[in-house]
Amino acid sequence: MVGSGGAAGEARAGPEGRARPAGQAPAVSPFQSLARARGLRDLSGDGGVRKEELRPGAGQAVPPAASVADITLGGLEIGLLTMKKGEVARFVFTPDYAYGRQGCPPLIPPNATVLFEVEVLDFLDSDESDTFFELTAEQQDTFPLQKVLKVADTEREFGNYLYRKRHFEGAKDRYKRAFSILGRSPSSEAEQCQIDASKLLVLLNLSLTYLKLERPAQALVYGEKALEIDQRNAKALFRCGQACLCMTEYEKARDFLVRAQHIQPFNHDINNELKKLASCYKDYMEKEKEMCCRMFAPLNSSSG
C-alpha cells in the first residue's frame with residue numbers, strides 16, 4: 001500500500017502507562033483496560049493491532065492495492081485494510097506495530113503503545129489503473145471506452161490529491177497520464193461528448209498546475225486546448241489570461257480575461273485579475289516612459 005492516494009485520517013496517539021515501583025503488581029494501562037472492557041478485535045493475531053469500530057462505513061473495504069495518505073505505521077496499514085469509506089475506528093497498537101523501541105520524540109516515548117482514531121474519508125484503488133498502463137498501446141485500444149474513462153478519472157483524482165498536497169510535479173504527471181489515453185476515435189457523437197468532458201477536466205487541471213509550477217507558456221498551451229473543446233469555458237479563458245499576464249503579454253491577457261468576464265461578470269477571481277492586469281500595465285507604461293526620458297535626456301541637454 002503506497003502513501004499517495006485518497007484515503008486520509010485523523011489520529012491521536014498516547015503512550016502506555018507509567019513506571020511502577022519494584023515488587024508492585026503490574027498496573028493495567030488505560031489501553032489494556034480499553035481492550036479488555038470493550039473487546040477490541042485482534043487484527044494481527046498476536047494482540048499487537050486491536051480495533052474498535054466507532055461508526056460503520058459503506059461499500060467495499062480498502063483493497064490492498066489502494067493508495068492511501070500518511071501511512072507511517074505497520075499497524076495502521078493492517079487496520080486500514082479492514083475499514084470502509086466513511087468508517088471511524090479506534091486502534092490500539094503495541095510498540096512493534098507503532099513506533100518501536102525508539103519512539104518518536106518528543107511526543108512518543110520509547111516502547112509506547114499508542115491509540116489512534118481514524119476516519120476513512122476516501123480511497124482510490126490504483127490496481128486497475130496501474131495494470132492498464134502496463135499494457136501496450138495496441139492492447140489499450142481494445143478496451144471499451146467506459147473502462148478507459150474510468151482509468152483516466154482515477155489518474156485525475158490522483159492528480160487532484162497530489163495537487164491539494166502541493167506536490168505539483170506529481171500532479172502534473174498524473175494529469176498527463178490521464179490525457180495520454182483520451183485520444184481514441186469515438187464511434188458515436190455520444191462517445192465524443194464523453195471523451196471531451198473527460199479531456200476538458202484534465203486540460204483545465206494541467207493549465208492550473210503549470211501555473212503553479214511557474215511555467216505559463218505550458219499553462220497557456222493547455223488552456224487553449226481546453227478552449228478548442230469549449231470556447232466559452234470561463235475557467236479556460238481565465239487560465240489563459242493568467243498565463244499571458246505572467247508572460248507580460250498584456251493585450252492577450254486582457255482579451256482572455258474580458259471574454260471570461262462576459263461569461264461570469266460577477267466572478268471575483270476574474271475581476272481581481274483584471275484589476276491586477278490594469279495595475280501591471282500601468283507600471284509597465286510608467287517604466288517605459290521613464291526609460292524613454294532617460295534615453296532622450298542627453299539629446300535634450302546637448303541641444304541647448
Test item: [X] and [Y] side chains (from C-beta on) under 4.5 Å apart, heavy atoms:
X	Y	value
Lys276	Cys280	yes
Ser129	Phe133	yes
Leu135	Phe143	yes
Phe238	Phe256	no
Ile195	Val148	no
Ser279	Lys282	no
Val118	Val88	no
Val120	Leu80	yes

Can I get a per-line list of side-chain donor-acceptor pairs under 3.5 Å for residues 201-226, giving both atom names and the distance, sequence neighbours left out?
{"unit_1": "Asn205", "atom_1": "ND2", "unit_2": "Asn160", "atom_2": "OD1", "d": "3.2"}
{"unit_1": "Ser207", "atom_1": "OG", "unit_2": "Ala219", "atom_2": "O", "d": "2.8"}
{"unit_1": "Thr209", "atom_1": "OG1", "unit_2": "Asn205", "atom_2": "O", "d": "2.7"}

With rounding to the nearest 0.5 Å, note down the distance linking [atom1] in [X] to [atom2] in [Y].
X	Y	atom1	atom2	value
Leu73	Leu76	CG	CG	6.0 Å
Ile181	Lys147	CD1	NZ	11.0 Å
Tyr250	Thr248	OH	OG1	5.0 Å
His268	Ile270	NE2	CD1	11.0 Å
Gln192	Gln194	CD	CD	10.5 Å

Taking [atom1] in [X] as the centre, count heavy atoms belonging to other residues, nucleotides or ligands within less than 6.0 Å. Is the count above 12?
X	atom1	value
Gln139	CD	yes
Arg232	CZ	no
Gln102	CD	no
Lys172	NZ	yes

Decide side-chain contact (heavy atoms from CB on, under 4.5 Å) for Leu149 and Leu182; before the verdict, give the C-alpha distance in whole Å, the side-chain angles of both, and the deciding distance to 0.1 Å.
-> CA-CA 8 Å; Leu149 293 175; Leu182 293 172; 3.9 Å; yes
State whether a side-chain donor-acceptor pair under 3.5 Å links Gln261 with Asn271.
->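 Checked: Gln261/Asn271 side chains pair up, N/O donor to acceptor below 3.5 Å.
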Heavy-atom closest contact ([X] atom, [Y] atom, distance):
X	Y	value
Ser198	Ala152	OG-CB, 4.1 Å
Gly59	Lys84	O-CD, 3.1 Å
Thr113	Thr94	OG1-CA, 3.8 Å
Phe123	Ala61	CZ-O, 4.0 Å

CA sep, side-chain torsions, deciding dist, call: Leu237, Leu257, side-chain contact (heavy atoms from CB on, under 4.5 Å) = CA-CA 6 Å; Leu237 291 166; Leu257 292 172; over 6 Å; no
Not counting sequence neighbours, which residues clear side chain to side chain donor-acceptor pair (under 3.5 Å) with Glu228? List them please.
->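 Checked Glu228 against side chain to side chain donor-acceptor pair (under 3.5 Å); zero matches.
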Could you check Arg90 against Lys51 for side-chain contact (heavy atoms from CB on, under 4.5 Å), going step by step and ending with a plain yes or no?
-> CA-CA 6 Å; Arg90 180 177 291 134; Lys51 173 186 177 182; over 6 Å; no
Same cluster or not: are Leu277 and Met247 linked, directly or through other Ile, Leu, Val, Met, Phe, Trp or Tyr residues, by side-chain heavy atoms under 4.5 angstrom apart?
->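 Shared cluster, no.
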Do Phe168 and Phe179 share a hydrophobic cluster (ILVMFWY, side-chain heavy atoms under 4.5 Å, transitive)?
->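 Yes.
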Applying salt bridge (Lys or Arg N to Asp or Glu O under 4.0 Å), which residue pairs with at least one partner in [range] are found, sequence neighbours left out?
range	result
residues 149-158	Glu128-Lys150, Asp153-Arg156, Glu155-Arg174, Glu155-Arg177
residues 236-254	Glu249-Lys252
residues 256-265	Asp255-Arg259

Ring centers of Phe91, Phe93 separated by less than 6.0 Å =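 Yes; Phe93 has its ring centre under 6.0 Å from that of Phe91.
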Validation: residues 40-47 side-chain donor-acceptor distances under 3.5 Å, sequence neighbours left out:
{"unit_1": "Asp42", "atom_1": "OD1", "unit_2": "Ser44", "atom_2": "N", "d": "3.2"}
{"unit_1": "Asp42", "atom_1": "OD1", "unit_2": "Gly45", "atom_2": "N", "d": "3.0"}
{"unit_1": "Asp42", "atom_1": "OD1", "unit_2": "Gly47", "atom_2": "N", "d": "3.3"}
{"unit_1": "Asp42", "atom_1": "OD2", "unit_2": "Gly47", "atom_2": "N", "d": "3.1"}
{"unit_1": "Ser44", "atom_1": "OG", "unit_2": "Asp46", "atom_2": "OD1", "d": "2.5"}
{"unit_1": "Ser44", "atom_1": "OG", "unit_2": "Gly48", "atom_2": "N", "d": "3.1"}
{"unit_1": "Ser44", "atom_1": "OG", "unit_2": "Val49", "atom_2": "N", "d": "3.1"}
{"unit_1": "Asp46", "atom_1": "OD1", "unit_2": "Gly48", "atom_2": "N", "d": "2.9"}
{"unit_1": "Asp46", "atom_1": "OD1", "unit_2": "Tyr97", "atom_2": "OH", "d": "3.4"}
{"unit_1": "Asp46", "atom_1": "OD2", "unit_2": "Tyr97", "atom_2": "OH", "d": "2.9"}

Does the pair Glu119/Arg55 count as a salt bridge with the N-to-O cut at 4.0 Å?
->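 Result for this pair is yes, salt bridge flagged.
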